[in-house]
Protein chains: 2
Amino acid sequence: MAGKLRAELKKRGDFESLEQEATLNLWRTSDQLSNRVGRLLRDFGLTSSQYNVLRILRGAGEPLPSLEIASRLIQVVPAITGLIDRLERNGLVVRQRSEEDRRVVHVELTRQARHLLERIDHPLQQLHHELLGHMSRRELKSLIELLETAREIPDTKTKKSQS
Amino acid sequence: MAGKLRAELKKRGDFESLEQEATLNLWRTSDQLSNRVGRLLRDFGLTSSQYNVLRILRGAGEPLPSLEIASRLIQVVPAITGLIDRLERNGLVVRQRSEEDRRVVHVELTRQARHLLERIDHPLQQLHHELLGHMSRRELKSLIELLETAREIPDTKTKKSQS
DNA sequence: GGCAAATAGTTAACATGTAAACTATTTACC
DNA sequence: GGTAAATAGTTTACATGTTAACTATTTGCC
């Protein structure tokens, strides 16, 4: 066990630590899932980032400021502008300058976007099942817990700490 | 347990399945690690992709054809051209048209690149330890195994029924 | 020998992620 | 009430990932 990535990458024997092996496994698994999900979304004319913006807006149930969306996307701020530009161009969101605070731009889903999301829901859920459904509930829960543990970096002295 | 991501994403309650929760956890963890490693590499003037090309070349111990590098990067073919362009511009690799097969372009590390890689080795290993060192060996091995299991999608050609 | 198909790599066009600098507006505070 | 600092968002410049279409070369095969 724990040697498959070595074969896949043709890099037999150059893992210098268990930590590094775990990290590379994580990246590779994440990539594989991203690719599959991205392909499905492309069939609906969306990129993953665009879908995530729409999903966040639907979850919120109301228009959100651009930076609020950005903060939930784990992305850097400037990227949100172009993302919303493209969604707006495709008729999936509308921008509205706030009245109370004119610096703020509220972003709202269009009806078209809601319909699109509804069409995606089932196939996406099915895909999630296809991709990880071969794992038992116990394995999935264990994986989730280990990933949460992995993200808990104890006191990050270098650079700024997490929020 | 298994509810932290909900809080982090402010999306409480909209996981529709364990599979989806695992996938989102995976992405978030992968992103966090990428960010930290990317920041370290940036201090050495490299992006993650560039570093990976150099690491692959060092591991191979000899010049490699462009597409051979691309295949080990899990990337799509066209991206490799620009990547190598930039590495060449920065004096880290050299391109050489093959004699036996003139379609092939061999890419070779420069001495400068070897020195750079040596300077990165220790800090990077240290960072890997900082990022996941709080997990026990048992947890790390378990995580690695679960990730390998996750990647084993049973029969994946087009969209088959399911597992 | 000669030509279609395969292979290696590139170019083009676009979406995204990132850092740095900028504009517009609001808030703090004296 | 006037100005510095903070906040929301945009612009710019560049690296990357993606698909589609293209060039150059080699191979397969009759």
Side-chain angles (χ1 to χ4, degrees), chain A residues 27-28 30-32 34-54 63-90 92-93 95-107 159-160, chain B residues 27 30-54 63-90 92-93 95-107:
Chain A
W27 284 337
R28 194 168 176 85
S30 172
D31 276 355
Q32 181 175 309
S34 295
N35 285 339
R36 292 297 305 271
V37 171
R39 244 185 289 164
L40 182 146
L41 292 174
R42 200 162 48 242
D43 292 344
F44 290 93
L46 293 177
T47 63
S48 298
S49 297
Q50 290 174 356
Y51 173 74
N52 279 323
V53 171
L54 301 183
L64 292 179
S66 297
L67 293 196
E68 176 64 25
I69 298 173
S71 77
R72 301 193 194 187
L73 276 180
I74 322 161
Q75 282 181 353
V76 134
V77 172
I80 200 67
T81 300
L83 202 45
I84 294 178
D85 281 349
R86 269 164 249 120
L87 286 170
E88 191 167 34
R89 197 187 309 147
N90 292 329
L92 296 173
V93 302
R95 270 190 174 96
Q96 260 180 315
R97 190 59 81 166
S98 164
E99 293 301 321
E100 317 93 66
D101 185 339
R102 296 185 32 71
R103 292 169 306 178
V104 175
V105 174
H106 287 291
V107 181
K159 322 286 165 113
K160 59 184 174 186
Chain B
W27 284 337
S30 172
D31 277 355
Q32 181 175 308
L33 296 174
S34 295
N35 286 339
R36 292 298 304 273
V37 170
R39 246 184 287 166
L40 183 147
L41 292 175
R42 199 160 50 242
D43 293 344
F44 289 93
L46 292 178
T47 63
S48 297
S49 296
Q50 290 175 357
Y51 173 73
N52 279 323
V53 171
L54 300 184
L64 292 179
S66 297
L67 293 195
E68 175 64 24
I69 298 173
S71 77
R72 301 193 195 187
L73 275 181
I74 320 160
Q75 282 181 353
V76 134
V77 171
I80 201 67
T81 299
L83 202 45
I84 294 178
D85 282 349
R86 269 163 249 121
L87 286 171
E88 190 167 35
R89 197 187 310 147
N90 292 329
L92 296 173
V93 303
R95 271 190 172 96
Q96 260 181 314
R97 191 57 83 164
S98 163
E99 292 302 320
E100 315 93 68
D101 185 339
R102 298 186 29 72
R103 292 170 305 180
V104 174
V105 175
H106 286 292
V107 181

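Only heavy atoms go into these numbers, but all of them, side chains included; no hydrogens, no water, no symmetry mates. In this text, all values refer to a predicted model and were calculated from it rather than measured experimentally. Numbered from 1 within each chain, the chains take letters A, B, ... in sequence-line order.
- For the pair B:Arg102 CZ and D:dA24 P, the computed distance is 12 Å after rounding to whole Å.
- Using a 4.5 Å heavy-atom threshold, the side chains of B:Trp27 and A:Val37 count as touching.
- Side-chain proximity of A:Val104 to the nucleotides C:dG9, C:dA15, D:dG9 is greatest for D:dG9.
- Protein atom CG of A:Leu46 is 12 Å distant from nucleotide atom C1' of C:dA15, rounded to whole Å.
- The phosphate of D:dA15 (OP1 or OP2) has no side-chain N or O of B:Ser49 nearer than 4.0 angstrom.
- At C:dT10, one or more side-chain N or O atoms of B:Arg95 fall inside 4.0 Å of OP1 or OP2 (strictly under the cut-off).
- Proximity of B:Arg72 to B:Leu64: side-chain heavy atoms (C-beta onward) are separated by under 4.5 Å at one or more points.
- Rounded to whole angstrom, the span from the CG atom of B:Asp85 across to the P atom of D:dC14 amounts to 15 Å.
- Between A:Asp101 atom CG and D:dG9 atom P the separation is 8 Å, expressed in whole Å.
- Looking at heavy-atom distances under 4.0 Å, A:Thr81 makes contact with a base.
- Using a 4.0 Å heavy-atom criterion, one finds that B:Pro78 contacts the bases of the nucleic acid, with or without backbone contacts as well.
- Side chain of B:Val105, nearest nucleotide from C:dA15, D:dT18, C:dG9: C:dG9.
- A:Pro78 places none of its side-chain heavy atoms less than 4.5 Å from the side chain of A:Ile80.
- A:Leu83 comes within 4.0 angstrom of sugar-phosphate atoms only, judged by non-hydrogen atoms across all strands, and of no base.
- Considering A:Thr47, A:Leu83, A:Leu46 as possible partners of A:Val53, the one that fulfils the side chain to side chain contact (heavy atoms under 4.5 Å, CB included) test is A:Leu83.
- Close to C:dT18, at under 4.0 Å from its OP1 or OP2, lies a side-chain N or O of B:Asn35.
- The structure places CZ of B:Arg97 at 6.5 Å from CZ of B:Arg102, a figure rounded to the nearest 0.5 Å.
- Checked against side chain to side chain donor-acceptor pair (under 3.5 Å), B:Gln96 has no partners two or more places apart in sequence or in another chain.
- Note: CD (A:Glu68) to P (D:dA8) measures 10 Å, nearest angstrom.
- Between B:Asp43 atom CG and C:dT18 atom P there is a gap of 16 Å when expressed in whole angstrom units.
- The separation between B:Glu100 atom CD and D:dA24 atom P is 21 Å, rounded to whole Å.
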Protein N or O to nucleotides 3-7 of chain C N or O, pairs below 3.5 Å:
from	atom 1	to	atom 2	distance (Å)
C:dT7	O2	B:Arg103	NH1	2.9

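- Using a 4.5 Å cut-off on side-chain heavy atoms (C-beta onward), B:Val93 and B:Leu54 make contact.
- Annotation: of the two residues near DNA chain D, A:Arg42 and B:Thr47, the 5′-most nearest-nucleotide partner is B:Thr47.
- Distances from the side chain of A:Leu67 to the nucleotides C:dT10, D:dG9, C:dT18 place D:dG9 closest.
- Taken from CG in B:Asn35 to OG in B:Ser30, the straight-line distance is 9.0 Å, to the nearest 0.5 Å.
- With D:dT10, D:dT18, C:dG9 as the choices, the nucleotide that has an atom nearest any side-chain atom of A:Val77 turns out to be D:dT10.
- Rounded to a whole Å, the CG atom of A:Asp31 is 13 Å from the C1' atom of D:dT18.
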